[in-house]
Asks: 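Quick one: this structure, given as structure tokens, is what I'll be asking you about.
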Amino acid sequence: EPNASMSGSINNSGNIAGLRETKNWMITREDGGTQRRYDWESYLWSNGVFSMQNDKSRFSDINNNGDMVGYVYTPTGSGYSAVYQDGKEIRLGTFGGSYTSISDINNLGQVIGVSEYPVAIGEDSGKERPFLWENGQMKEIVSPVGEIASFGAMNDHGQMIGSSRVAGAYDWHAITVDNGVVHDLGDSQLKDINNSGQIVGYKSAHPYTWENFVPKKLPIIAGRSGGMANAINAHGDIVGRIYEEEPELDHRLFEEYQYEVLTAAYASQATLWRNGDFIVLSNLFADEGYILSDAYAINDRGEILVRGTD
């Protein structure tokens with residue numbers, strides 16, 4: 001029976017955009033083993049009711065106005081990125097290449113992501129460049145540092161976080177951009193930024209926050225190997241996960257779940273950081289038998305989206 005969902009984002013009204021399972025079945029792999037396959041549909045969850053179910057699109061983010069972004073699959077197997085505003089789908093174009101991918105939408109309806117330029121002669125793929133979409137227009141964000149950049153999140157003041165590298169190099173540097181001013185945060189991965197400019201992410205496999213571009217390591221369970229901070233709300237509450245030292249996989253469940261899901265569920269614990277301390281969310285529901293492996297979104301009311309199994 002279908003029983004899984006994958007939520008992408010939650011806004012301050014508690015509306016959730018994401019995916020839920022519609023069908024699953026077992027297949028036999030070439031090596032003789034079995035594996036479960038899934039069909040999914042996108043949804044909007046509001047006031048306890050599912051709506052806007054669509055098996056041809058994938059909602060990835062929702063802002064406080066109810067605007068959503070996602071990807072739409074066409075009957076030919078290709079697709080396009082889209083913005084959903086006032087009940088209407090707005091199709092985003094490309095820079096002449098084959099695809100556009102959306103990273104984030106803020107509360108002003110501004111959208112960021114990457115888009116491909118046409119494939120040049122002698123090359124296998126087109127150049128991918130970051131974009132800003134607003135007022136119905138998509139324009140390239142000229143990389144302020146290096147030659148290649150991508151941005152994963154943007155707050156309502158237009159401050160962006162992402163990464164950049166020089167063409168031909170392999171080392172990516174985390175960056176923030178504010179009105180053209182760039183701050184290089186080095187070898188880090190940035191995940192979210194709130195309207196106060198507080199940033200969260202990870203560095204050297206450990207959860208971090210940055211205030212005024214100064215890194216601060218977040219506390220974790222003693223003896224654990226690290227973790228990741230995924231999201232931060234307006235109050236500075238942070239959610240993410242703490243890694244297990246040595247994950248113990250329940251091999252009895254291997255045939256029931258995809259390996260990636262099983263690994264994620266048993267290798268980490270969903271965590272909330274607040275006022276300099278942390279709460280392991282899994283411990284709050286241990287008696288009910290839930291295993292919460294990750295927390296990836298939190299709104300200003302303190303409602304948290306988690307990944308878990310029962």
Side-chain angles (χ1 to χ4, degrees), residues 1-24 38-75 78-93 99-113 132-136 138 152-156 191-195 230-234 237 239 261 264 270 281 290 292-310:
E1 290 293 328
N3 61 2
S5 64
M6 298 172 58
S7 301
S9 180
I10 184 170
N11 66 13
N12 284 344
S13 298
N15 300 326
I16 300 172
L19 298 175
R20 69 173 181 174
E21 180 188 340
T22 59
K23 182 175 67 173
N24 65 68
Y38 302 87
D39 276 349
W40 302 88
E41 69 177 4
S42 60
Y43 69 84
L44 171 66
W45 187 87
S46 179
N47 297 319
V49 178
F50 286 101
S51 64
M52 293 187 68
Q53 292 97 325
N54 188 333
D55 62 359
K56 297 298 186 293
S57 63
R58 300 290 183 266
F59 299 147
S60 59
D61 199 11
I62 183 171
N63 66 14
N64 289 336
N65 301 314
D67 303 329
M68 296 186 294
V69 293
Y71 192 82
V72 181
Y73 292 92
T74 63
S78 60
Y80 56 90
S81 292
V83 179
Y84 298 85
Q85 291 180 329
D86 301 322
K88 299 178 180 179
E89 178 188 287
I90 304 172
R91 179 172 178 170
L92 270 61
Y99 68 90
T100 287
S101 177
I102 294 174
S103 300
D104 193 23
I105 181 171
N106 67 12
N107 293 318
L108 303 181
Q110 297 170 311
V111 176
I112 56 173
L132 169 68
W133 181 92
E134 61 181 337
N135 301 321
M138 187 171 76
M154 177 174 60
N155 66 19
D156 296 341
K191 302 288 287 185
D192 197 19
I193 181 172
N194 65 13
N195 283 340
N230 290 324
I232 183 170
N233 67 11
D237 299 329
V239 295
V261 175
L281 299 175
Y290 294 109
L292 307 183
S293 61
D294 198 4
Y296 45 92
I298 181 170
N299 65 14
D300 294 345
R301 303 196 304 194
E303 297 167 320
I304 302 170
L305 291 184
V306 299
R307 174 187 297 157
T309 59
D310 58 15

Asks: Can any side-chain N or O of Ser81 pair as donor or acceptor with the backbone N or O of Thr100 at less than 3.5 Å?
Replies: yes

Asks: When rounded to the nearest 0.5 angstrom, what distance separates CZ in Arg58 from CE in Met68?
Replies: 13.5 Å

Asks: Are the side chains of Trp133 and Ile105 in contact, using a 4.5 Å heavy-atom criterion?
Replies: no

Asks: Taking all non-hydrogen atoms of both residues, which atom of Ala297 and which atom of Ala231 are closest, and how far apart?
Replies: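 Heavy-atom minimum between the residues: CA-CB, 3.9 Å.
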
Asks: Using a 3.5 Å distance criterion without hydrogens, assess whether the side chain of Asn106 forms a donor-acceptor pair with backbone atoms of Met154.
Replies: no

Asks: Is a donor on one side and an acceptor on the other found under 3.5 Å between the side chain of Asn107 and the backbone of Asn64?
Replies: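 It does hold such a pair.
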
Asks: Just by modelled atom types, is the Asp67 backbone N or O under 3.5 Å from a matching donor or acceptor in the Asn65 side chain?
Replies: no

Asks: Is Asn299 reaching over with its side chain to a backbone N or O of Ile10, donor-acceptor style, under 3.5 angstrom?
Replies: no

Asks: When rounded to the nearest 0.5 angstrom, what distance separates CG in Asp61 from CG in Asp104?
Replies: 5.0 Å

Asks: Using the rule given for side-chain contact (heavy atoms from CB on, under 4.5 Å), can you reason through Leu108 versus Glu134, listing the C-alpha separation, both sets of side-chain angles and the distance that settles it, and then say yes or no?
Replies: CA-CA 9 Å; Leu108 303 181; Glu134 61 181 337; over 6 Å; no

Asks: How close do Asp156 and Asn195 get, counting heavy atoms only, and between which atoms?
Replies: N-OD1, 2.9 Å

Asks: Do you know the tightest heavy-atom contact between Ala295 and Val306?
Replies: CB-CG1, 4.0 Å

Asks: First locate atom CG of Asn47, then atom CG of Asn15, and finally report the distance between them rounded to the nearest 0.5 Å.
Replies: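 Between atom CG of Asn47 and atom CG of Asn15 there are 6.5 Å.
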
Asks: Quick one: pull up CG in Asn230 and CD1 in Ile232 and give me the separation to the nearest 0.5 Å.
Replies: 12.0 Å

Asks: So which atom in Ala82 and which in Glu89 form the shortest heavy-atom distance, rounded to 0.1 Å?
Replies: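 Looking at all heavy atoms of both residues, the shortest contact is CB-CG, 3.8 Å.
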
Asks: Hey, does Tyr84 have a side-chain heavy atom less than 4.5 Å from the side chain of Leu44?
Replies: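 The answer is no; the side chains never approach within 4.5 Å.
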
Asks: Can you give me the closest heavy-atom contact between Ser9 and Ser60, atom names plus distance?
Replies: CB-O, 3.9 Å

Asks: Counting distance only, does the side-chain N/O of Asn11 pair as donor-acceptor with the main-chain N or O of Ile62 below 3.5 Å?
Replies: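 A pair under 3.5 Å: no.
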
Asks: Rounded to the nearest 0.5 Å, how far apart are CG of Asn63 and CD of Gln110?
Replies: 11.0 Å

Asks: Are there more than 12 heavy atoms of other residues, nucleotides or ligands under 6.0 Å from atom OH of Tyr80?
Replies: yes

Asks: What is the distance from atom CZ of Arg307 to atom CG of Leu292, rounded to the nearest 0.5 Å?
Replies: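 That separation rounds to 11.5 Å.
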
Asks: Identify the heavy atoms of Ser78 and Tyr71 that sit nearest to each other, and give their distance.
Replies: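 That would be C-OH, 4.3 Å.
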
Asks: Out of the candidates Ile304, Leu305, Asp192, only one should pair with Ile298 under the side-chain contact (heavy atoms from CB on, under 4.5 Å) rule; please name it.
Replies: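 Only match with Ile298 under side-chain contact (heavy atoms from CB on, under 4.5 Å): Ile304.
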
